Amino acid sequence: MVVLSVPAEVTVILLDIEGTTTPIAFVKDILFPYVKENVEEYLQAHWEEEECQQDVRLLRKQAEEDSHLDGAVPIPAASGNGADDPQWMIQAVVDNVYWQMSLDRKTTALKQLQGHMWRAAFKAGHMKAEFFEDVVPAVRKWREAGMKVYVYSSGSVEAQKLLFGHSTEGDILELVDGHFDTKIGHKVESESYQKIASSIGCSTNNILFLTDVSRGDLPNPGIGRTSPMSPALAEASAAEEAGVHVAVVVRPGNAGLTDDEKTHFSLITSFSELYLPSST
Ligand SMILES: CSCCC(=O)C(=O)COP(=O)(O)O
Ligand SMILES: [Mg+2]
C-alpha cells in the first residue's frame, strides 16, 4: 500500500466532499438531478416564504453579475409593488438554475438554493449521502490522534451538514470540527485558505487539504476568475499558493490526471494511505 506521510506541522485536515469523501456519481446522478427535477415545484410551493425569497434575491444578484457571460440567463428585477407575475418570475429562476447547473457553477446563490431543496429529501429519509468506505474509519483515527477535521466544499454549509448528518454510515456529523463554504471565499482563490486558517486559529502550513482533481470539468468554473485549469486543480493550486499542504485524492469516477499533475501533487487513493507520525 502507498503511504503518504503527513508533515509533523499538520494539525488540521481539511476535506473536500465531491470526488474526495463522496463519489462524484452521488452528486451528479442523485443530488443534482433531484434539483433539476424539483426546482419548479419547490419554487411554486415555497415562493411566498422569506427563505425562498432570500434565495431568489441572491440568485438575481448573481444573475446581474453574470450578465456579461455568454448565454447568461437573467432574472428580472422585482418591481417591489407586488404587481409581478409570480409564474413569469418562477420560470426565469428555473431557467437561471438550469443554466447555472449546465455549467456546474459553484456560486453561493445556486448552492444555497440547492441546500434548501435537499433538506426536505434528506430529512424525510428519501436520500442518504454516500461516503467512500475508508472515510469514516480514517477520520475517527485522525481525531483520536488529535487532528482537527474540517470540511471545505462549494456545497453550502447547510448542505454539508445534511450529507454528514444523513449518510449511509449513519449520522457522522460529530466527526467534523467545522464547515466552510464559498461564503468564506471560492475554492480557487488562495485567500480563502488564509481566511480558513485564521478562522480555525492556525497557520496555513498546519493544514492538509484533501481534494480531487477532475479534468473533465469545464474550462471556466464561472466562479470569479477564469482558469485554464479544471476547477479542482485550481483548488489544489490555490491552497498550495496559500501555504497549505495538499494531497490529491484519486477515486473511482474521478477524471484522470495528466502526467504533470501526477508528478506535481502527492496522490492518495484512500484516506487509509495517510500516515500520521503522531499515531504510531
Ligand atoms: C456538499 S453539497 C453537494 C456537493 C456540491 O453541491 C458541490 O458543489 C460539491 O463541491 P465540492 O467543493 O465538494 O467538490
Ligand atoms: Mg471536489
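Nothing here was measured: the structure is a model prediction, and the numbers come from that model. In each ligand, atom 1 is the first atom listed, and ligand 1 is the first ligand listed.
- Nearest to the Mg ion (ligand 2), among the N, O or S atoms that Glu18 has, is O.
- Ring orientation note: the planes of Phe32 and Trp118 are close to parallel, at an angle under 30° on the 30°/60° scale.
- The protein atom (non-hydrogen) at minimum distance from atom 11 (P) of ligand 1 is Asp16 OD1, 3.1 Å.
- One hydrophobic cluster, built from ILVMFWY side chains closer than 4.5 Å, cannot hold both Val94 and Leu58; they sit in different ones.
- No N or O atom of Asp212 sits closer than 3.5 Å to an N or O atom of ligand 1.
- Relative to the ring axis of Tyr152, Lys187 places its NZ or CZ within 45° and under 6.0 Å from the centre.
- Remark: side-chain polar atoms of Ser192 are paired, donor with acceptor, to backbone N or O of His186 under 3.5 angstrom.
- What sits closest to atom 5 (C) of ligand 1 on the protein, heavy atoms only, is Lys111 NZ, 3.7 Å.
- Of the protein's heavy atoms, Glu18 OE1, 3.2 Å lies nearest to atom 9 (C) of ligand 1.
- Remark: minimum distance from atom 12 (O) of ligand 1 to any protein heavy atom is reached at Lys187 NZ, 2.5 Å.
- In this structure, atom 13 (O) of ligand 1 lies nearest to the protein heavy atom Ser153 OG, 2.7 Å.
- Remark: Glu18 engages Lys106 in a salt bridge, criterion side-chain N to carboxylate O under 4.0 Å.
- Not one N or O of Trp118 is nearer than 3.5 Å to an N or O of ligand 1, by distance alone.
- Annotation: atom 1 (C) of ligand 1 to nearest protein heavy atom, Ile17 CD1, 3.5 Å.
- Residues Val39 and Val27 are members of one and the same hydrophobic cluster, defined by side-chain heavy-atom contacts under 4.5 angstrom among Ile, Leu, Val, Met, Phe, Trp and Tyr.
- Salt bridge present: Arg251 and Asp134 bring a charged side-chain N and a carboxylate O closer than 4.0 Å.
- Near Phe32, with a cut-off below 4.0 Å to any heavy atom, the atoms of ligand 1 are 6 (O).
- Per-residue contacts place Ala159 under 4.0 angstrom from the following atoms of ligand 1 (heavy atoms of the residue considered): 2 (S).
- The Mg ion (ligand 2) is closest to atom OD1 of Asp212 (considering only N, O or S atoms).
- Residue Glu133 places its CD atom among 12 or fewer non-hydrogen atoms of other residues, nucleotides or ligands, all under 6.0 Å distant.
- In terms of polar-atom proximity, defined here as any N/O pair under 3.5 Å, Ser154 does make such a contact with ligand 1.
- Nearest protein heavy-atom contact of atom 3 (C) of ligand 1 is Leu31 CD1, 3.6 Å.
- The contact set between ligand 1 and Lys106, taken as ligand atoms under 4.0 Å from a residue heavy atom, comprises 7 (C), 8 (O), 9 (C), 10 (O).
- Inclusion of Glu235 in the first shell of the Mg ion (ligand 2) is not supported: no N, O or S atom falls under 2.8 Å.
- Donor-acceptor pairing under 3.5 Å is recorded for the side chains of His245 and Glu9.
- Within a 6.0 Å sphere centred on CD of Glu48, other residues, nucleotides and ligands contribute 12 heavy atoms or fewer.
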